[in-house]
2 protein chains.
Amino acid sequence: MASKGEQTRMKLMEIAEQHILQNGFSATSIDDLITEAGITKGGFFYHFKSKHDLAQALMRHYREKDELLFSDLFLRARELTDDPLQQMLVFVKLLSEMMAEIEDLHPGCLVASFTYESHQVNEEIRELTAASILDWRRLFREQIDRINDVRPPNIDVDADTLADMLSTILEGGIIVSRAVNQKDILVRQLLEYRNYLGLLYG
Amino acid sequence: MASKGEQTRMKLMEIAEQHILQNGFSATSIDDLITEAGITKGGFFYHFKSKHDLAQALMRHYREKDELLFSDLFLRARELTDDPLQQMLVFVKLLSEMMAEIEDLHPGCLVASFTYESHQVNEEIRELTAASILDWRRLFREQIDRINDVRPPNIDVDADTLADMLSTILEGGIIVSRAVNQKDILVRQLLEYRNYLGLLYG
DNA sequence: CGAAAACCTGACCCGGGGTACAGTAAAAAT
DNA sequence: ATTTTTACTGTACCCCGGGTCAGGTTTTCG
């Protein structure tokens with residue numbers, strides 16, 4: 001089991017994620033975090049040597065977490081069907097269901113948070129946000145290549161662009177959903193991506 | 001011509017927009033703005049009664065500006081063709097070209113900035129961000145309705161969702177472009193929306 | 001049991017941020 | 001030309017945030 005220190009560290013990271021998604025990185029004060037975590041300033045700086053250090057740890061952690069999540073959803077999709085297109089359609093469906101099931105508040109993404117505060121974070125964090133997006137591109141693109149191996153698309157599209165489109169709709173859908181305070185918009189947008197794939201390969 | 005006060009006010013708003021898009025609202029200090037504008041703190045508070053007041057003025061201004069811009073692009077599209085679908089395709093094309101032409105830095109959107117700092121801004125600003133998105137929905141939806149009047153789509157899609165998809169791709173495309181530092185991604189994503197429309201009504 | 005390592009406390013520093021306001025210069029109005 | 005309005009300047013205030021540090025407590029492990 002996790003040591004006491006690891007638990008506190010994790011707790012801080014979870015609290016920080018929520019704060020950053022609602023308030024942004026700059027407006028997330030260490031005071032807020034430690035108050036909610038029930039520790040003191042010294043305790044915070046025992047775990048993280050600075051606020052940026054926390055942000056880096058956060059990005060690293062959620063990059064891994066997303067990789068695992070997406071891989072898992074693909075695995076589940078591949079158990080249901082052998083057709084790459086169907087697998088992709090199931091993947092997006094599962095993803096949309098996950099998004100719908102986030103109970104409290106709206107879904108958010110640290111990549112977007114840090115991107116809109118890019119001048120407030122250091123180079124390592126910017127690299128991590130870029131790396132996350134490129135992870136997703138690679139993962140989605142692999143599946144799209146598999147689809148293309150089975151049957152060509154009805155019109156000529158760039159595989160990377162089609163892969164990025166899913167990230168784009170995720171990030172954009174989150175913003176539009178939150179801006180108008182309607183959670184179902186994100187789900188609908190993801191399903192619209194499915195429609196596009198259907199027409200492209202149907 | 002604009003009075004001296006109006007000019008300074010505008011200058012402050014322009015500087016503030018850039019700062020907010022790069023650093024976020026919370027990290028945008030009044031000191032930064034007045035230094036760049038060449039005035040002092042007192043001068044700032046002559047024009048805006050608070051930082052939030054500036055943010056509200058900004059959102060109001062850019063909501064109007066976007067409305068005008070989008071309307072203008074539609075007008076230009078309607079001069080080129082009478083077919084509603086072609087008009088929409090031209091509109092998106094013009095929009096993508098505009099985005100490509102922003103010389104310095106990457107495109108950004110205040111709606112996204114404020115959305116990811118929603119707990120840092122007041123209710124009026126949140127209402128203005130929602131109103132902006134709903135403006136776009138109405139504008140895009142009107143055009144989609146015209147397309148549907150001419151010919152039905154090949155698959156059943158919700159007109160509002162299809163309208164929101166353009167906002168989604170815009171917002172998402174901005175984030176993905178900025179995150180990986182490749183401006184052409186946004187353009188490609190917008191063109192992908194065109195492809196979708198093409199397949200949907202082709 | 002005892003020592004070493006891990007974990008945390010709480011007071012303090014320092015710079016910066018938003019705000020207020022009294023006074024001043026420049027522009028506009030009469 | 002004089003008054004009035006507009007557009008500021010300069011300064012002082014207070015709080016808040018990131019970060020430091022010397023020491024205290026709790027775990028872990030031999």
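Proteins get letters first, then strands, A, B, ... in listed order; numbering begins at 1 in each.
- Listed by chain and residue number, B:F25 satisfy the ring-ring contact (aromatic ring centres under 6.0 Å, His included) test with B:H52 (two or more places apart in sequence, or in another chain).
- In this structure, the nucleotide among C:dC8, D:dT9, C:dT19 sitting nearest to the side chain of B:F45 is C:dT19.
- In terms of phosphate contacts, B:Y46 brings a side-chain nitrogen or oxygen within less than 4.0 Å of OP1 or OP2 of D:dA7.
- Residue side chain B:K41 does not reach the base of D:dG10 through any donor-acceptor N/O pair under 3.5 Å, judged by distance alone.
- Ring-centre distance between A:F74 and A:F91: below the 6.0 Å cut-off.
- Within 6.0 Å of the NZ atom in B:K183, the count of heavy atoms belonging to other residues, nucleotides or ligands exceeds 12.
- Of the residues in residues 48-60 of chain B, B:S50, B:K51 come within less than 4.0 Å of DNA chain C through at least one heavy atom, sorted by number.
- Between the side chains of A:E117 and B:N23, no donor-acceptor pair of N or O atoms lies under 3.5 Å.
- Contacts of A:S26 with the nucleic acid, taken as non-hydrogen atoms under 4.0 Å apart, are absent.
- Relative to the side chain of A:I39, the nucleotides C:dC8, C:dT9, D:dC8 differ in distance, and C:dT9 lies closest.
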All N/O pairs under 3.5 Å across the protein-nucleotides 23-25 of chain D interface:
none

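- Within the helix from C:dC1-D:dG30 to C:dT30-D:dA1, the inter-axis angle between the opening and closing five-pair segments is 20°, rounded to 10°.
- Not counting sequence neighbours, A:Y201 has no partner by the ring-ring contact (aromatic ring centres under 6.0 Å, His included) test.
- The CD1 atom of A:I30 sits 10 Å away from the P atom of D:dG17 (whole-angstrom rounding).
- The side chain to side chain donor-acceptor pair (under 3.5 Å) analysis of residues 65-75 of chain A, with sequence neighbours excluded, yields the pairs A:E67-A:R138.
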